[in-house]
Amino acid sequence: MTSTPRWRQVAAATGLLSDDGAIAQTIFAEMTVLANRTGAVNLGQGFPDVDGPDWIKEAAKAAIDAGRNQYAPGDGVPELRRAIADHQRRRYGLDVDPDTEVLATTGATEALTAAILALTGPGDEVITLEPFYDSHAAAIAMAGATHVPVPLTADLRLDAEALRAAATDRTALILVNTPHNPTGTVLTRAELEQVAAVARERDTVVLTDEVYEHLVYDDAEHVPMATLPGMAERTLTVSSSGKTFSLTGWKVGWLHGPAELVTAVRTVKQFMTYTSGSAFQPAIAQALGDDEAPRALAASLAERRDLLCAGLERAGFDVVVPQGTYFVVADGAAHVERLGLADGHDLCLRLPELVGVVGVPVSAFCRAGSTAAETLRSRVRFTFVKRPEVLRDGVERLEGLRSAVAR
């Protein structure tokens, strides 16, 4: 008997394998098609509609003009690795060796994927929170490991008891995403200490996805897992420049941690992209020395978050105000019931025609039929990383949902 090809296992793990065996498009592609067809305001996909600071772009142009257009070192250009180490020391008090403990990658996605491929395989289990970003599930499937999702509570917080129950002697990796996509939850120090306790008890590595580290709001604080007692030696920290500087297309990411773990990841990563972004890396190295641009972006996003949250509430959604990221999770249960729909996925399919707005169902970030999928079945994720005028347009349209009639 022929085994299931790995690519089909990846499709199944990310909800792209239909019952008839056909490959479905991602929820983002599906909703973008709807947006384009209907002229809807696309608040589904989380990418900025304004570029980052001009001076960073000019630095990349200068690097191109200076001839930095061939392969960069596989580890990343030296000034970027030093800048990453300096950033971690300055912001979090972490002592990181730029020569042995830092690895530049093609975005955070490559760092996460290479780490999972390097450190896990068939027979291993990888714990994530649920909802989970789809690339996390894809990478686990690529490795042939078993994905063990731990559902967040109904109010989108860590369930420490569920986490402890999920961990076994087969747990090779605990993947923690904070600030969390899609919910906007920022795990507290106390919550992270619960994760750390499980990791120490099970003697397992923690892989942290911290790409939204600078985009936290109000009194929330981003606490890197590696700063907790006894965790630096068992934590791989992943981040990137894309979200921090609104330059998502540059795909300059990185990973840092103990030298032996970084060596393992590098061994795999060098056979993926090997290297990329030769002119972008020195530009980001300069950008990482600037703390003001991320602060200004976070302040702007906090205002846009409030604009969207207030509009969603006026439109009849129950909103959990996010502490970080680009996203708001809103409960559309009242509209689902009033319109005679099945769930948030159905609501998202109807929103473009009903009011001209696109969102993404939170269930798309859950396993089909899971506890989390059922608990969050009527929730929809909207993004606020758009210009204020776009958000105002979207909000005005959404307010029409109260009077929209199913048809």
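Along the sequence shown, residues carry numbers from 1.
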For atom CD of Gln70, is the number of surrounding heavy atoms from other residues, nucleotides or ligands below 6.0 Å larger than 12?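 No, not enclosed.
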
Counting heavy atoms not belonging to Tyr133, are there more than 12 under 6.0 Å from its OH?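 Count not over threshold, so no.
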
Under the salt bridge (Lys or Arg N to Asp or Glu O under 4.0 Å) rule, what do Glu337 and Arg377 come out as? Steps first, then yes or no, please. CA-CA 12 Å; Glu337 181 178 358; Arg377 64 194 305 270; over 6 Å; no

Checking the side chain of [X] only, and the main-chain atoms of [Y] only, is there a donor and an acceptor separated by less than 3.5 Å?
X      : Y      : value
Thr171 : Ala167 : no
Glu303 : Ser300 : no
Gln323 : Val186 : yes
Gln281 : Ser276 : yes
Thr100 : Ala259 : no
Arg402 : Arg314 : yes
Gln9   : Thr4   : yes
Thr244 : Ser241 : no
Ser18  : Ile23  : no
Arg304 : Lys386 : yes

Test side chain to side chain contact (heavy atoms under 4.5 Å, CB included) on Leu43 and Leu391 and set out the steps. CA-CA 8 Å; Leu43 301 183; Leu391 293 172; 4.0 Å; yes

Atom [atom1] in [X], atom [atom2] in [Y]: separation rounded to 0.5 Å?
X      : Y      : atom1 : atom2 : value
Thr235 : Leu94  : OG1   : CG    : 9.5 Å
Thr208 : Leu236 : OG1   : CG    : 8.0 Å
Ser363 : Arg381 : OG    : CZ    : 12.0 Å
Ile27  : Asp134 : CD1   : CG    : 10.5 Å
Leu288 : Glu79  : CG    : CD    : 11.5 Å
Ser278 : Leu80  : OG    : CG    : 11.5 Å

So which heavy atom on [X] is nearest to which on [Y], and how close?
X      : Y      : result
Ala114 : Val265 : CB-CG1, 3.7 Å
Val390 : Asp49  : CG2-OD2, 3.8 Å
Leu308 : Thr383 : CD2-O, 3.6 Å
Ala108 : Val238 : CB-CG1, 3.6 Å
Val355 : Gly400 : CG1-C, 3.8 Å
Ala143 : Arg6   : C-NH1, 3.7 Å

Is [X] salt-bridged to [Y], going by a charged N under 4.0 Å from an acidic O?
X      : Y      : result
Asp291 : Arg91  : yes
Glu161 : Arg164 : no
Glu233 : Arg200 : no
Glu130 : Arg367 : no
Arg397 : Asp393 : yes
Glu213 : Lys243 : no

Answer yes or no: is there a side-chain heavy-atom contact under 4.5 Å between [X] and [Y]?
X      : Y      : value
Pro131 : Leu376 : yes
Leu401 : Leu354 : yes
Leu163 : Val195 : yes
Thr32  : Asn42  : yes
Leu117 : Lys269 : no
Val223 : Leu187 : no
Leu215 : Leu301 : yes
Thr185 : Thr178 : no

Apply salt bridge (Lys or Arg N to Asp or Glu O under 4.0 Å) to the pair Arg81 and Glu101, showing each step before the final yes or no. CA-CA 9 Å; Arg81 288 186 279 111; Glu101 297 181 334; over 6 Å; no

Pair [X], [Y]: side-chain N/O donor-acceptor within cut-off below 3.5 Å:
X      : Y      : result
Ser378 : Asp331 : yes
Asn177 : His136 : no
His147 : Thr128 : yes

If you apply the rule side chain to side chain contact (heavy atoms under 4.5 Å, CB included), what do you find for Val41 with Val358, and how did you get there? CA-CA 6 Å; Val41 175; Val358 163; over 6 Å; no

Output all residues satisfying salt bridge (charged side-chain N to carboxylate O under 4.0 Å, His left out) with Glu396, sequence neighbours left out; order by chain, then residue number.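 With sequence neighbours excluded, Glu396 shows a salt bridge (charged side-chain N to carboxylate O under 4.0 Å, His left out) to no residue whatsoever.
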
Can you run down the ring pair (Phe, Tyr, Trp, His ring centres under 6.0 Å) pairs that involve residues 305-334, sequence neighbours left out, and say none if there aren't any?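 Matches after skipping sequence neighbours: Tyr212-Tyr326, Phe317-His335, Phe317-Phe382.
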
Working for side chain to side chain contact (heavy atoms under 4.5 Å, CB included), residues Leu307 and Val395: CA-CA 8 Å; Leu307 190 164; Val395 161; 3.9 Å; yes

Run Asp318 and Arg379 through salt bridge (Lys or Arg N to Asp or Glu O under 4.0 Å) and show every step you take. CA-CA 9 Å; Asp318 186 8; Arg379 313 257 185 131; over 6 Å; no

Using the rule given for side chain to side chain contact (heavy atoms under 4.5 Å, CB included), can you reason through Leu192 versus Val176, listing the C-alpha separation, both sets of side-chain angles and the distance that settles it, and then say yes or no? CA-CA 9 Å; Leu192 289 168; Val176 177; 4.2 Å; yes

Please identify which of these residues, Ile284, Thr106, Thr105, Leu247, meets the side chain to side chain contact (heavy atoms under 4.5 Å, CB included) condition with Val252.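 Looking at Ile284, Thr106, Thr105, Leu247, the match for Val252 under the side chain to side chain contact (heavy atoms under 4.5 Å, CB included) is Ile284.
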
Stepwise salt bridge (Lys or Arg N to Asp or Glu O under 4.0 Å) check, Arg89 with Asp95: CA-CA 6 Å; Arg89 186 178 299 107; Asp95 186 13; 3.5 Å; yes

Would the His87 and His214 ring centres measure less than 6.0 Å apart?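 So the answer is yes for these two rings.
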
